[in-house]
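All values below were derived from every heavy atom in this structure, side-chain atoms included, with hydrogens, water molecules and symmetry-related copies excluded. Order of the sequence lines sets the chain letters (A, B, ...), proteins ahead of strands, with each chain counted from 1.
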Amino acid sequence: MYALVDCNNFYVSCERVFAPQLEGRPVVVLSNNDGCLISRSQEAKDLGLKMGEPYHLVRPLLEQHRVQVFSSNYALYGDMSRRVVQVMSSFTPAVEVYSIDEAFLDFSGLDWITKKSDLLTYGQQVRNTVLNYTGIPTCVGIAPTKTLAKLANRLAPRTGPTRTMVLATAADWEPALARVPVDTIWGVGRRYARKLTELGINTGLELARLPEHWLRRHLGGVVGQRLWRELHGQPCLEWNPAEWDDDQLQPNTASRHSVTCTRSFGRPQHQETVLAEAVATFATKAAEKLRRHGQAAHLVTVILGTDRFAPAPGPKTHTAVISLPTSTNDTGMLIKAALQGLRHLRRAGTAYHRAGVLLTGLEPEGQAQLGLFSGSAADQQRSQQLMKAMDGLNARFGRQLVRSAAMGVAKNVDGLLQKPVWAGRAAHCSPRYTTGWDELWQVR
Amino acid sequence: MDTAMLTSLHDFISASLFSTRELPLFGCPVPAGFPSPADDHLEGPFDLNRLLFRHPASTFLARVSGDSMIEAGIHPGDLVAVDRALRADHGSIVVAVVEGEHTIKRLQFRAGQPWLVAENARYAPLPIDPDVGLLVWGVVTHVIHSLAGAPAAK
């Protein structure tokens, strides 16, 4: 059996843990740079606010109903997510974190639980413990396969103390499948959903009733076959629709071939120094990611974006590619290349709305061939030691303790790093209640 | 050079030699390559995290901002560890939710009714409205108080 535990309106729930006055009031959380709605309380949903709606469009409605608005506070959400996972780990050693607010619990070691009522009790126990220990409400779906557990979670009651749904046998999941449109089945991408509805297959049950060989032939071969089995209560270990779902913006396989860091600016920037500090910062972050994955890059692409909504024709995104003499994950070398790209790319007087650094041509680190002009083996070793020391210090004493001066060094009166000029808008951010000494949660 | 001076000079030299030696916890020098009998019992340094965060997933640090608990040794600026996994009983110091705000008080049951009691004579005990009910956020397990006058940790 698998349980899918899904945190209810996760970002809003995190905010409410530390601000109990928000209980029962409409609350929304905005995406990076205060762009659009990414989390809504039930009260906000009831007002008709939709997921992904641009903030500037719904602002009058939010003000009219006195909706509490938050910028996203990922330091807080990340810490709360870690705590939720830690609590779930006390129920089974096999917790598969699916996203910041969802995780599969593998109950296959718990075969002694066979009665449906016992499964329901166990699921409720998971939910109650997560709620008591962290303050985060969840819904739990339990079924023999992940696909059916997703379905069970979807159908679990959204209110009341239970919020757990068990689909233990075909007698449970067949009526459940009949209740849901086919495009809500996990793994049926948008493309297949269109194809299926054209063929008159509208519900999950109609899909499940098709023969196995039909799904194999028409829904992506072995993938379709796995889907069929998952819908019939036979778990497939390799089942991971995220890898092939065509709705995914960035498939998992592609992400292994590149590392990227891009941001929208809070307001347009044209100054060379500001752009250089931003690009150096993105190169640093991308380099850190690269080292975490034990990779090195051959190519550095610098991206500058102008106003997407500008009426003037022409491309809104501009890129410059710098190829490195040898693959590297040295922050200094990558910054140098990125700044070189920026000098090529930047047009004086142009205002840029976003920027980024993309590292490609990846290979495992330590495989670089020595170039004729690119320094000795001793240099490379020194660079590796320096990066290791830097990552170690930053991991221990906080990110950006040791940083390249190219990222800019502005400090305010308290000696804390000032937010850079280019930083995204986060006008409504709550304190980092659980991760920042100077922003700690307060009690009277 | 007289004897006293020699002695003090000897002290000086041996002391300076001694101070360069690092003493591992429980380790002691044993001649001729025999391992220290204490080596098998080497223990790591105390880890305060493990003491303060018995349930790391459910324990939160908070900074105290008022003086209502001063007679319980909880001062403004102190840090408190609040554990959500523990059950609040009569006498527990808790963080409770009162009128949408977090407040730190001692929980008492008087004639079966819950009260939130300050540890400061200037604050009156607060009965819990039975219609609203008592909402305990977590139980305070430790207080970290800095004696140097500065707030605990920054």
Using a 6.0 Å cut-off, check whether atom CD of Gln64(A) has over 12 heavy atoms from anything other than its own residue. yes

Taking atom CD of Glu15(A) and atom OG of Ser41(A), what is their separation to the nearest 0.5 Å? 11.5 Å

With a 4.5 angstrom heavy-atom cut-off, could you sort out which part of Pro56(B) is near chain A: side chain, backbone, both or neither? both

Mind ranking Ser65(B), Ser58(B), Ala57(B), Ala62(B) by heavy-atom pairs under 4.5 Å with chain A and telling me who comes out on top? Ala57(B)

Other residues, nucleotides and ligands only: do more than 12 of their heavy atoms fall within 6.0 Å of CZ on Arg432(A)? yes

Are any of the side-chain heavy atoms of Val87(A) and Val84(A) separated by less than 4.5 Å? no

Over 60° means perpendicular and under 30° means parallel, so classify the ring planes of Tyr133(A) and His55(B), tilted if in between. tilted

Can you tell me which portion of Gln442(A) sits under 4.5 Å from chain B's heavy atoms? Options are side chain, backbone, both or neither. both

What part of Val95(B) gets closer than 4.5 Å to chain A, counting heavy atoms only: side chain, backbone, both or neither? side chain

Heavy-atom pair of closest approach, residues Asp6(A) and Asn153(A): CB-ND2, 3.4 Å

Under 3.5 Å, is there a donor on one side chain and an acceptor on the other for Thr92(A) and Asp106(A)? no

For residues Arg163(A) and Asn8(A), is any side-chain donor paired with an opposing acceptor at under 3.5 Å? yes

Please determine, by modelled atom types, if Asn9(A) and Ser39(A) share a side-chain donor-acceptor pair under 3.5 angstrom. no

Candidate pair Tyr433(A) and Phe60(B), rule ring-ring contact (aromatic ring centres under 6.0 Å, His included), full reasoning: CA-CA 9 Å; Tyr433(A) 295 112; Phe60(B) 295 80; over 10 Å; no

Report which part of Thr434(A) has an atom under 4.5 Å of a heavy atom belonging to chain B: side chain, backbone, both, or neither. side chain

Do the ring planes of Trp441(A) and His102(B) sit parallel (below 30°), tilted (30 to 60°) or perpendicular (above 60°)? perpendicular

Heavy-atom pairs under 4.5 Å with chain A, option from Gly138(B), Pro76(B), Ala85(B) with the top count: Ala85(B)

Considering only heavy atoms, which portion of Val85(A) lies under 4.5 Å from any heavy atom of chain B: side chain, backbone, both, or neither? neither

Listed by residue number, which members of residues 104-124 of chain B have a heavy atom under 4.5 Å from any heavy atom of chain A? Ile104(B), Lys105(B)

Check whether Leu131(A) gets within reach of chain B through its side chain, its backbone, both or neither, counting any heavy atom under 4.5 Å. backbone

Highest number of heavy-atom pairs under 4.5 Å with chain B among Val17(A), Thr129(A), Leu22(A) belongs to Val17(A)

Name the member of Gln21(A), Arg83(A), Gln86(A) that forms the most heavy-atom pairs with chain B at distances under 4.5 Å. Arg83(A)

